[in-house]
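Everything numeric in this text was worked out from a predicted model, so none of it was measured. Heavy-atom basis, side chains included; hydrogens, waters and symmetry copies ignored.
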Amino acid sequence: MNRLSSPNVTRIAGAAAMAVTLLAGFAGTARAEGMSVSSSAFTDSALLPAIHAGLDACGGENKSPPLEWKNLPQGTRSVVIKMTDPDGAKGGGVVHWIAYNIPASMTSLPAGAGEKTGPNITVGKNITGSEAYRGACPPVGDTPHHYIITVTATDIAPGDLPAGLDANGLAAKLAGHTLNGSTIVARYGR
């Protein structure tokens with residue numbers, strides 16, 4: 001068995017560390033910034049402001065949150081937004097919001113703009129079957145639920161997806177057409 005002497009090991013380790021440092025520097029300059037999503041209403045993993053929760057006992061005004069997305073991949077023709085609560089329905093998950101047919105030329109939605117279908121947006125079916133935004137409304141006393149908002153870039157032309165899609169129907173239509181996605185998470189409890 002051949003053993004490396006301590007000075008040789010030190011030189012090899014030093015050379016390896018320098019190579020990794022140099023490669024990391026080059027990788028950082030060659031890599032484009034990735035797709036991202038943010039909200040002016042909350043930061044990632046922070047509490048969702050009550051205005052975006054459901055009406056009445058849920059404590060809110062049922063206003064869809066403001067969203068902004070950046071760095072869509074080349075070839076993006078439209079974006080899709082989906083808000084889910086994986087903690088809802090006793091861990092079975094709840095779909096609160098589906099919005100699609102949003103042109104890639106749009107880079108944001110102001111608060112309330114995603115509540116119903118309108119110009120440049122089609123709102124799909126939430127957990128209740130309504131074509132509307134459904135604000136956060138976890139059971140009283142539960143640990144705050146996580147609301148995952150995902151913006152997905154697609155190669156589908158705006159307007160090509162039919163109205164009335166639910167989460168499963170949308171997933172079927174998106175198969176083979178997604179280019180990238182990014183998420184932001186908010187928490188809400190009562």
Does the side chain of Pro110 reach to within under 4.5 Å of the side chain of Pro66, using non-hydrogen atoms?
no
All side chain to side chain donor-acceptor pair (under 3.5 Å) counterparts of Asn180, not counting sequence neighbours
none
Whether the side chain of Trp97 engages the backbone of Gly114 through a donor-acceptor N/O pair (distance < 3.5 Å, no angle test) should be reported.
yes
Taking all non-hydrogen atoms of both residues into account, name the closest pair between Pro158 and Pro103 and its distance.
CG-CA, 3.7 Å
Hey, does Ser64 have a side-chain heavy atom less than 4.5 Å from the side chain of Leu109?
no
Nearest 0.5 Å, what's the NZ-CG distance between Lys90 and Asp142?
10.0 Å
In Å, rounded to the nearest 0.5 Å, how long is the span from NE2 of His145 to CG of Leu48?
13.0 Å
Contact check, side chains of Leu72 and Val79, non-hydrogen atoms, under 4.5 Å:
yes
Shared ILVMFWY cluster between Val185 and Val80, side chains joined below 4.5 angstrom?
no
Restricting to non-hydrogen atoms, name the atom on Met35 and the atom on Ala153 that form the minimum distance, rounded to 0.1 Å.
CE-N, 3.9 Å
Ignoring hydrogens and geometry, is there a side-chain-to-backbone donor-acceptor pair from Thr150 to Thr183 under 3.5 Å?
no
Do you know the tightest heavy-atom contact between Val94 and Ala89?
CG2-N, 3.7 Å
dist Leu179:CG -> Thr76:OG1 (nearest 0.5 Å) comes out at 5.0 Å
Pair Glu131, Lys116 - check side chain to side chain contact (heavy atoms under 4.5 Å, CB included), show working.
CA-CA 7 Å; Glu131 293 176 18; Lys116 58 184 179 178; over 6 Å; no
Any non-hydrogen side-chain atom of Lys70 less than 4.5 Å from a side-chain atom of Ser38?
no
If hydrophobic clusters are built by linking Ile, Leu, Val, Met, Phe, Trp and Tyr wherever their side-chain heavy atoms come under 4.5 Å apart, do Tyr100 and Trp69 end up in the same one?
no
Where is the tightest heavy-atom contact between Ala57 and Arg190, given as atom of each residue plus distance?
O-NH1, 2.7 Å
Once rounded to the nearest 0.5 Å, what's the spacing between atom SG of Cys58 and atom NE2 of His52?
14.5 Å
Within this structure, what is the CD1-CD1 distance for the pair Ile81 and Ile149, rounded to the nearest 0.5 Å?
8.5 Å
Over all heavy atoms of both residues, which pair between Tyr188 and Ala136 is shortest? Give the atoms and the distance, please.
CD2-CB, 3.7 Å
Looking just at side-chain N and O atoms, do Ser36 and Ser182 make a donor-acceptor pair shorter than 3.5 Å?
no
Does a donor on one side chain sit under 3.5 Å from an acceptor on the other, for Asn126 and His96?
no
Looking at every non-hydrogen atom in both residues, tell me the closest pair between Ala167 and Ile98 and how far apart they are.
N-CD1, 3.3 Å
Backbone N/O of Tyr133 and side chain of Asn62: donor-acceptor pair under 3.5 Å:
yes
State yes or no: do Phe42 and Val151 share one hydrophobic cluster built from I, L, V, M, F, W and Y residues joined by side-chain heavy-atom distances below 4.5 Å, directly or via other members?
yes
With no hydrogens and no angle check, is any side-chain donor or acceptor of Thr154 less than 3.5 Å from a backbone partner on Ser78?
yes
What's the spacing between Ile102 CD1 and Ile121 CD1 if we round to 0.5 Å?
4.0 Å
Sort out for me which residue in Asp155, Thr152, Asp160 forms a side chain to side chain donor-acceptor pair (under 3.5 Å) with His177.
Asp155
Tell me whether Leu170 shares a hydrophobic cluster with Tyr147, the cluster being built from Ile, Leu, Val, Met, Phe, Trp, Tyr side chains joined at under 4.5 Å.
no
Is the side chain of Asp44 donor-acceptor paired with the backbone N or O of Ile184 at a distance under 3.5 Å, no angle test?
no
